[in-house]
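Before any comments, here is the structure.
All heavy atoms count here, side chains included; hydrogens, waters and symmetry mates do not. Computed from a prediction, not measured in an experiment: that's the story for all the values here. Note on naming: letters A, B, ... go to the chains in the order of the sequence lines (proteins, then strands), and numbering restarts at 1 for each one.
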2 protein chains.
Amino acid sequence: MDRTTRHSETRYGNRPTMKDVAARAGVGLKTVSRVVNSEPGVTPDTERRVQEAIDALGFRRNDSARVLRKGRTASIGLVLEDLADPFYGPLSRAVEEVARAHGALLINGSSAEDPEREQELVLALCARRVDGLIVIPAGDDHRYLEPEIKAGIATVFVDRPAGHVDVDMVLSDSFGGAREGVAHLIAHGHRRIGFIGDQPRIHTATERLRGYHAAMRDAGITVEDGWVSLGSTDPERVRAAAEKMLSGPEPVTALFAGNNRVTVTAVRVIAERERPVALVGFDDIELADLLGITVISQDAAAVGRTAAEHLFHRLDGADHAPARVELPTTLIPRGSGELPPA
Amino acid sequence: MDRTTRHSETRYGNRPTMKDVAARAGVGLKTVSRVVNSEPGVTPDTERRVQEAIDALGFRRNDSARVLRKGRTASIGLVLEDLADPFYGPLSRAVEEVARAHGALLINGSSAEDPEREQELVLALCARRVDGLIVIPAGDDHRYLEPEIKAGIATVFVDRPAGHVDVDMVLSDSFGGAREGVAHLIAHGHRRIGFIGDQPRIHTATERLRGYHAAMRDAGITVEDGWVSLGSTDPERVRAAAEKMLSGPEPVTALFAGNNRVTVTAVRVIAERERPVALVGFDDIELADLLGITVISQDAAAVGRTAAEHLFHRLDGADHAPARVELPTTLIPRGSGELPPA
DNA sequence: CATCCTCGTGACAACGTTGTCCAGGGCCTA
DNA sequence: TAGGCCCTGGACAACGTTGTCACGAGGATG
């Protein structure tokens with residue numbers, strides 16, 4: 001068996017290459033390349049012959065080789081926390097649409113909120129030489145990205161800031177949103193308000209907590225021990241935290257939920273209680289209108305779109321100093337946040 | 001300016017290559033390759049010198065070149081309908097987990113239910129030489145995939161069958177699920193039952209309709225004109241269809257919703273009405289428990305996991321005839337499906 | 001009729017990596 | 001001490017594509 005044959009059986013199954021097409025069409029290699037890339041300088045007759053050979057052989061250009069030669073992969077990487085989280089679906093989709101408009105594909109990965117996995121993913125994407133990266137960070141130290149950024153991989157951080165590295169960021173106004181939501185509860189007469197949030201190492205979680213404290217301080221309310229709970233958004237933990245705040249001699253009369261997962265569990269806990277409890281949640285959730293849940297909404301699609309547009313702007317050559325964009329949030333009153341204290 | 005310099009400024013920014021590392025470490029090219037790939041046959045001392053050069057230069061292996069040489073990309077493509085749809089989030093995530101376990105990355109794309117875009121995406125992925133493809137088809141003719149499959153790109157179709165091409169498929173039992181759901185309504189006394197589904201060119205939509213008809217036939221009920229509506233899942237259209245069925249002298253007393261988007265709109269329409277209307281929806285939705293919505297649930301994560309496992313099984317060399325797996329659905333009674341006719 | 005262009009085409013090198021093969025040095029054994 | 005073997009390391013080609021350049025034919029121009 002000669003080497004050529006052995007190769008064509010082991011690599012990519014049996015893919016014809018431009019060389020094969022050229023041989024069959026009786027033209028040179030470069031002419032095939034020209035046809036495949038719609039470059040000028042090929043007579044219609046030659047083009048037809050090449051096209052016939054392409055169709056007959058089922059040839060398709062090998063973009064790996066193309067990438068190697070051209071130095072651009074026409075793909076961008078998106079590292080987020082969990083594709084299955086309803087907050088990230090629309091965000092991903094928005095990024096994808098922008099990428100598509102720029103002729104790029106999207107490589108996706110979930111860090112599962114694990115800094116090590118985030119780094120592993122990001123570096124794998126860099127090794128693939130994605131043109132750009134959009135990262136929703138899990139960790140808080142991103143110095144490992146320095147050589148990559150220096151080497152020219154455009155990078156935008158989303159939802160949470162980057163640690164120890166100077167890059168573009170697109171964030172939501174977590175502080176302002178939470179402050180507004182808590183102030184809304186206070187305006188409806190509440191003073192004993194509980195806050196249930198995500199793990200404190202997550203930036204948005206602490207920002208929202210900061211917003212809570214600011215609103216309470218503005219109203220001259222002293223936050224008591226036991227009104228604040230930060231930790232995993234695991235339903236069991238959230239349930240325990242909520243039940244604790246709602247029990248005892250002086251229970252809270254309202255809850256502020258730090259993100260969509262907390263909100264969902266909080267709604268369940270409150271539904272099981274007799275005494276009504278006011279609730280405002282961060283992040284909108286599907287069917288919240290039917291359940292009458294008041295929320296602070298951030299526009300996930302807008303966040304994704306903005307980040308992707310920034311990225312492609314960089315790829316198109318913009319090299320101003322890294323920018324930090326903060327998108328506003330919206331309070332949507334639907335009933336649960338307007339209940340008076342029981 | 002000499003050519004080498006020019007190159008290193010235009011390509012990938014300024015990336016060092018193995019050659020650069022080799023020069024700096026004072027070793028041969030192949031030795032660097034060995035270190036990078038943890039191949040045996042390098043003395044600890046040499047390895048250390050190479051590693052230092054790698055760190056100093058910020059070298060990272062170029063996987064494009066590696067792929068070209070090795071013929072495997074360690075990535076798989078997933079083409080679905082819409083990443084933002086809550087049904088596909090968990091599915092994607094499940095696929096990703098399996099891919100990760102096999103050391104592969106996931107390239108994601110949304111067809112937006114457009115057959116042309118589906119084809120465009122699939123072929124772009126093939127040009128990248130993904131090792132395998134998971135496709136939730138939008139179109140119904142996939143002969144364009146024949147050369148790709150012959151060339152060795154493993155392919156699994158999910159959720160809907162492939163058209164005119166013989167490949168592995170992982171489906172949910174749409175027919176059986178819808179039949180069970182409609183039978184459930186009948187068992188609770190309904191005879192006038194409306195069906196609102198997706199566009200008839202979508203396989204799952206017609207299968208679910210078939211299930212509806214089967215259940216009605218089993219009960220000896222003649223389906224009247226106006227009880228069935230197929231079309232886009234656009235809220236406006238669904239709303240109009242639902243309102244029409246619920247009006248007039250002889251309105252339906254129950255609705256079967258053909259998918260998650262239809263269910264959401266149906267819930268809204270029903271909530272606005274005085275007279276109670278029973279409802280069973282295909283696909284579970286978040287908070288459906290709180291709203292008391294009875295659903296036919298398909299396990300999106302299980303579908304994705306199964307498909308991905310099939311795919312990697314193929315990639316590991318399995319070459320039995322294409323299989324067709326059908327996963328069962330589960331009826332989850334929560335109240336809305338158990339209401340008696342008004 | 002000579003010269004200059006233009007245009008279509010193809011030969012060749014290069015992209016950065018890995019597989020193959022060979023060379024040289026140290027160690028063991030006879 | 002000679003011969004053989006193992007171990008480390010490097011030279012080189014190849015993967016499939018694209019950029020550069022050169023060549024030859026044919027038309028236009030003097």
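Within 4.0 Å (heavy atoms only), B:V36 reaches no atom of the nucleic acid at all. Across all strands, B:R34 comes closer than 4.0 Å to base atoms (heavy-atom distances). Across all strands, A:S33 comes closer than 4.0 Å to base atoms (heavy-atom distances). Heavy atoms of B:N37 sit under 4.0 angstrom from primed sugar atoms or phosphate atoms, though from no base atom.
Among B:I149, B:V165, B:D168, B:T155, the single residue meeting the side-chain contact (heavy atoms from CB on, under 4.5 Å) criterion with B:P322 is B:D168.
With distances taken from any side-chain atom of B:T43 to the nucleotides D:dG9, C:dT18, D:dT18, the minimum falls on D:dG9. The listed nucleotides are D:dT18, D:dG16, C:dT18; the one nearest the side chain of A:A65 is D:dG16. When the nucleotides C:dT17, C:dG10, D:dT17 are ranked by their closest atom to the side chain of A:T31, C:dG10 comes out on top. Of the candidate nucleotides D:dT17, C:dT17, D:dG16, C:dT17 has the atom lying nearest to any side-chain atom of B:R66.
Using a 4.0 Å cut-off between a side-chain N of Lys or Arg and a carboxylate O of Asp or Glu, A:R60 and B:E146 do not qualify as a salt bridge.
The CD-C1' distance, from A:E39 to C:dG10, rounds to 14 Å in whole Å. Distance A:K19 NZ to D:dT18 P: 16 Å, rounded to the nearest Å. Rounding to whole angstrom units, CG of residue A:N62 and C1' of C:dT17 are separated by 14 Å. Protein atom CZ of A:R69 is 12 Å distant from nucleotide atom C1' of C:dG16, rounded to whole Å. Summarising the geometry, the separation between CG on B:L68 and P on D:dA14 is reported as 14 Å, rounded to the nearest angstrom. Rounded to an integer number of Å, the gap from B:R15 CZ to C:dC15 C1' is 15 Å. The separation between B:L29 atom CG and D:dC12 atom C1' is 10 Å, rounded to whole Å. Computed from coordinates, the A:R48 CZ to C:dG8 P distance equals 17 Å when rounded to whole Å.
The nearest heavy atom of DNA chain C to A:K30 and to A:G41 marks one nucleotide each, and the one closer to the 5' end goes with A:G41.
In this structure the side chain of B:R100 never reaches within 4.5 angstrom of the side chain of B:L105, judged on heavy atoms.
At the phosphate of C:dG16, neither OP1 nor OP2 sits under 4.0 Å from any side-chain N or O atom of A:R129. The side chain of A:S64 contributes no N or O atom lying less than 4.0 Å from OP1 or OP2 of D:dC15.
Under 3.5 Å, the side chains of B:N62 and A:R128 contain no donor-acceptor pair of N or O atoms.
A side chain to side chain donor-acceptor pair (under 3.5 Å) check over residues 133-142 of chain B, counting only residues at least two apart or in different chains, returns the pairs B:E118-B:H142, B:D141-B:R143.
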